[in-house]
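Structure first, then comments.
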Amino acid sequence: MDSRNFLYMFYGFAVAWVAVIIYVVTLVARERKLRDEMRRLRQMIETGERA
Amino acid sequence: MRDKVMYALAAIAGVLLVRNLYETFLSLPDEALQGAIYRIIFFHVPAAWTFMLGALVAMVASVIVLIRKSFAADALAASVTEIALVFGAVNLATGMVWARIIWGIWWAWDARLTSMLISWLMYGGYLMLRQAIDEPTQRARMSAVLSILTFPGVMITWKAIEWWRTQHPGPVLSIRGANDKMDPAMQSVLYWNFLAVLLFAVVLTLIRMRQEETRRELDGLRREAHAI
């Protein structure tokens with residue numbers, strides 16, 4: 001492989017993968033946040049109904 | 001069932017990506033004039049197509065939102081727009097890295113680059129608009145209108161390299177009727193990588209759509225909790 005542009009080729013692929021990975025991480029964090037809120041609200045409703 | 005489909009698509013996308021990375025780095029030779037840097041095209045172009053296809057799906061879903069007042073179509077439009085934006089960012093960033101070497105500059109205000117950037121910013125605005133409106137029906141209707149109005153920008157981006165011959169290279173793929181065609185082996189890797197990126201985008205869209213459904217469910221639960 002031509003070594004002249006190798007570093008910039010690496011930057012190109014790195015920036016593509018980093019962008020996708022950052023998005024996947026935010027997607028997973030959002031999923032966790034939604035599940036936590038769902039659990040909290042269900043508990044709150046159950047407690048309220050019993051009272 | 002949806003989970004199984006998601007896992008299957010993710011597995012196929014993963015296998016295809018590994019195969020394509022092998023082809024890209026170890027099988028294909030360097031391009032005669034550009035050297036190693038030309039390999040960026042194998043992600044740059046599939047990312048652009050994924051962005052454009054996502055915009056098309058969002059536009060169709062938005063029309064359905066306006067006609068049938070469907071929240072499922074609204075969830076699809078919002079999800080697919082967000083995923084399209086990610087791949088649009090990949091397209092813009094990889095293009096800039098390639099341009100730094102081949103053109104000697106990071107950016108040029110040529111027709112293709114400018115129209116792509118404007119489209120990308122407009123879809124960013126679409127997501128911001130959704131955050132700004134609390135009422136679900138109004139949010140769905142207003143964002144659907146914006147999505148439909150933004151789509152012609154994507155069509156201009158697609159045709160820009162034929163309509164205006166400026167800095168960005170003209171069409172090089174057989175499917176666009178290019179005169180100066182890319183080598184068939186290189187085109188093959190590009191199409192396979194588009195399939196892999198597209199499958200990956202579909203998986204992300206399905207996950208994102210499920211989150212939109214959960215969010216709607218949460219809105220209902222919040223109202224119930226508030227009533228108690």
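Below, chain A is the first sequence line, B the second, and so on; all start at residue 1. Remember, it's a predicted structure, so these values are computed and weren't measured experimentally.
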Does the side chain of B:Ser143 pick up a donor-acceptor pair with the side chain of B:Arg130 at under 3.5 Å?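 Yes.
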Strictly by modelled atom types, are B:Glu82 and B:Tyr123 linked by a side-chain donor-acceptor pair under 3.5 Å?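 No - no donor-acceptor pair under 3.5 Å links their side chains.
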Non-hydrogen atoms of chain A under 4.5 Å away: do they reach the side chain of [X], the backbone, both or neither?
X: B:Arg222; value: both
X: B:Glu31; value: neither
X: B:Ile102; value: neither
X: B:Ile101; value: side chain
X: B:Ala225; value: both
X: B:Phe25; value: both

Rounded at 0.5 Å granularity, tell me how far CD in A:Glu46 sits from CD in A:Gln43.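 Interatomic distance, A:Glu46 CD to A:Gln43 CD, rounded to 0.5 Å: 7.5 Å.
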Rounded to the nearest 0.5 Å, how far apart are CG of B:Leu76 and OG1 of B:Thr81?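 Taking CG in B:Leu76 and OG1 in B:Thr81, the distance rounds to 8.5 Å.
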Which atoms of [X] are under 4.5 Å from chain B, going by heavy atoms: the side chain, the backbone, both sets, or neither?
X: A:Leu41; result: side chain
X: A:Met44; result: side chain
X: A:Val18; result: neither
X: A:Tyr8; result: both

Below 4.5 Å, heavy-atom pairs only: which of A:Val24, A:Val20, A:Ile22, A:Leu34 has the largest tally toward chain B?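 The residue among A:Val24, A:Val20, A:Ile22, A:Leu34 with the greatest pair count is A:Leu34.
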For chain B, which candidate among A:Phe10, A:Tyr11, A:Trp17 shows the most heavy-atom pairs at distances under 4.5 Å?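 Most pairs with chain B among the choices: A:Trp17.
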Side-chain touch B:Met96/B:Trp107, heavy atoms, less than 4.5 angstrom: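 A side-chain contact exists here, since the closest heavy-atom pair is under 4.5 Å.
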Run B:Leu129 and B:Ile133 through side chain to side chain contact (heavy atoms under 4.5 Å, CB included) and show every step you take. CA-CA 7 Å; B:Leu129 178 74; B:Ile133 304 171; 4.0 Å; yes
Which atom pair, heavy atoms only, marks the closest approach of B:Gly35 to A:Asn5?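 Answer, listing the atom of B:Gly35 first, then A:Asn5: CA-ND2, 4.3 Å.
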Quick check: closest heavy atoms across B:Met116 and B:Gly88, and the distance to 0.1 Å?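 In terms of heavy atoms, the two residues are closest at CE-CA, 3.8 Å.
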